[in-house]
Amino acid sequence: MAIESLKRIMKSAAVSFWRNGWLSTATVLVMVLTLFVIGGLVLSSVLFNTILASVEEKIDVSVYFLPNTPEELIINLKSEFQKIPNVREVAYVSQAEALERFRERHKDNPVVIESLQELEDNPLEASLNISAIDTLKFQDIVTAIEARQEPTVDKINFRENQLAIERLSKITTASKTTGAVLAIVLAFVAVLVTFNTVRLAIYTARDEINVMRLVGATAWYIRGPFLVEGIIDGALAAVVTTAIYFPIIWFLAPKLQLFLDGVNMFDYFVSHFFEFFAILLGTSVVLSVLSSILAIRRYLKV
Amino acid sequence: MIFFENVSKIYSPTSTALKGVTLRIQPKEFVSIVGPSGSGKTTLLKLLTVEERPTEGRIFFDQSEVTMLRPKELPYLRRRIGKVFQDYRLLPTKTAYENVAFALEAAGHLTKEIEHDVPQVLELVGLTEKIHHFPHELSGGELQRVAIARALVNRPEVFLADEPTGNLDPVNTREIIRLLLKINELGATVILATHDKEIIDSLDRRVVALEKGEIIRDEERGKYII
């Protein structure tokens with residue numbers, strides 16, 4: 001009996017989807033729009049976070065050591081610094097490495113290279129580059145290092161860069177908040193549009209629902225086909241949306257690569273394809289089924 | 001047996017559909033409810049299928065008090081009562097066959113039974129040839145016959161007809177009334193709401209006359225007098 005009913009509900013949903021062709025198409029298209037916005041939010045948040053992370057990575061503070069400070073001492077301090085709260089990473093740059101980097105940076109400037117060659121000693125200092133988990137709290141890290149009053153520390157470049165670091169940190173934080181708010185607003189609008197479309201679709205079927213009640217159909221038997229139709233709509237919309245994103249990302253990926261430290265968006269999309277599709281499918285099916293249940297409720301009373 | 005006990009239905013302070021109606025209908029009876037538009041005929045029928053609930057009073061169908069039924073129990077009540085309307089109320093996206101089959105499907109009958117019963121009942125109303133037509137391909141008389149077949153297919157104990165001939169010409173009207181009499185002969189209680197004088201006069205059955213929500217006359221072999 002239950003299986004028979006289930007079969008009937010499925011069949012009735014498929015038939016009604018087909019016979020109400022235009023309404024089904026309109027509903028699916030609106031859901032495609034919704035999913036397009038939601039997919040866009042998912043992808044742009046990945047994009048955004050990658051860019052922000054790469055900016056944050058570049059914010060660091062260097063602690064310079066007097067020339068001839070023994071390497072073991074610096075290595076020792078490195079592990080000490082690592083224990084300071086909020087420190088993400090400490091990287092050691094030896095004197096030789098610093099010189100190498102300096103040369104590399106100024107290789108197009110013969111005057112600098114020549115004057116460097118005239119010097120007998122390496123004039124550059126070894127350093128520890130410290131990056132923070134929360135770049136807004138660099139101040140605390142620097143204070144902790146300063147409090148140790150290490151005799152071998154020459155200077156910390158935080159003070160001169162303080163303003164720039166703090167400003168950049170504030171910008172990244174503000175961007176994250178703005179992004180989140182924007183995402184919520186857009187998602188809300190998209191959900192509302194879908195909900196209203198489904199409601200309209202069910203509104204057109206209100207006489208039908210009335211007749212079903214009249215011939216003695218139970219509430220679940222009436223609801224069933226609408227829910228199954230909701231699932232069909234949702235699944236179709238997810239497939240269509242994913243298909244639309246393919247060429248768009250393929251086209252945009254090379255242009256975005258510059259901002260993304262060489263990460264190719266299309267490769268990312270392909271490797272996360274199933275996650276992406278699952279998010280869209282889940283969103284659309286849950287959305288349309290929930291909308292159907294809510295919309296049909298008022299017609300099922302008595 | 002159907003029993004309305006002092007039933008009132010007040011939609012709003014300015015709109016009272018029924019006032020203190022008490023009415024007893026025996027099994028296998030053929031009763032016509034007559035009265036002008038707005039006299040409460042439709043409301044009376046709606047109360048029996050619990051599409052509306054009375055403001056006052058109680059309604060019994062067999063042993064059960066329908067006014068006390070919970071929403072979950074209503075589908076089972078409605079399967080025992082067949083109902084047709086002036087505007088047919090067929091599902092526009094289903095064929096004649098599917099419309100009739102739907103009532104059986106909803107009641108959970110087996111596919112085998114449905115395939116057996118539906119053509120039979122469509123034959124009874126004389127629609128064998130248009131079994132796979134959609135409602136928009138059928139005439140008014142044919143639509144009403146599909147509706148009757150749908151109401152009939154669950155073998156209801158009571159058959160309610162709310163102005164079933166309101167949109168039909170005299171030939172089709174006679175045909176529908178002939179079907180209602182046949183349904184009654186086959187053992188169902190028939191309650192016919194109408195304001196068609198000719199029908200009532202030709203039937204020569206019990207007539208209950210309503211006016212402004214009150215029963216003004218109840219005659220065993222009645223004529224249409226208002």
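Chain identifiers are assigned alphabetically (A, B, ...) following the order of the sequence lines, protein sequences preceding nucleic acid strands; residue numbering begins at 1 within each chain.
For the pair B:T111 and A:R8, the minimum side-chain heavy-atom distance is below 4.5 Å. Looking at heavy atoms from C-beta onward, B:E51 lies in side-chain contact with A:L214 at the 4.5 angstrom threshold.
Heavy-atom contacts from other residues, nucleotides or ligands closer than 6.0 Å to NE2 of B:H195 number 12 or fewer. Around the CD atom of B:E113, the shell of radius 6.0 Å holds more than 12 heavy atoms that belong to other residues, nucleotides or ligands. Counting non-hydrogen atoms of other residues, nucleotides and ligands closer than 6.0 Å to OH of B:Y76 gives a total of 12 or fewer.
In this structure, no portion of B:R80 lies under 4.5 Å from any heavy atom of chain A. Of the atoms belonging to B:F134, it is side-chain heavy atoms, and not backbone ones, that fall under 4.5 Å from chain A. Interface residue B:I114: only side-chain heavy atoms are found under 4.5 Å from chain A.
Chain A forms the most heavy-atom pairs under 4.5 Å with one residue out of B:L91, B:T49, B:L77, and that residue is B:L91.
Across all non-hydrogen atoms, the minimal contact from A:T218 to B:P75 is CA-CG, 3.8 Å. The two atoms that bring B:K94 and A:S12 nearest to each other are NZ-OG, 4.3 Å, heavy atoms only. Between A:R19 and B:E98, the shortest heavy-atom distance links the atoms NH1-OE1, 3.0 Å.
Annotation: residues 22-39 of chain A contacts chain B through no residue [non-hydrogen atoms, separation under 4.5 Å]. Contacts from residues 201-212 of chain A to chain B, taken as heavy-atom pairs separated by less than 4.5 Å, involve A:E208, A:V211, A:M212 in sequence order.
Separating the CD atom in B:E105 from the CD1 atom in A:I9 is a distance of 10.5 Å, to the nearest 0.5 Å.
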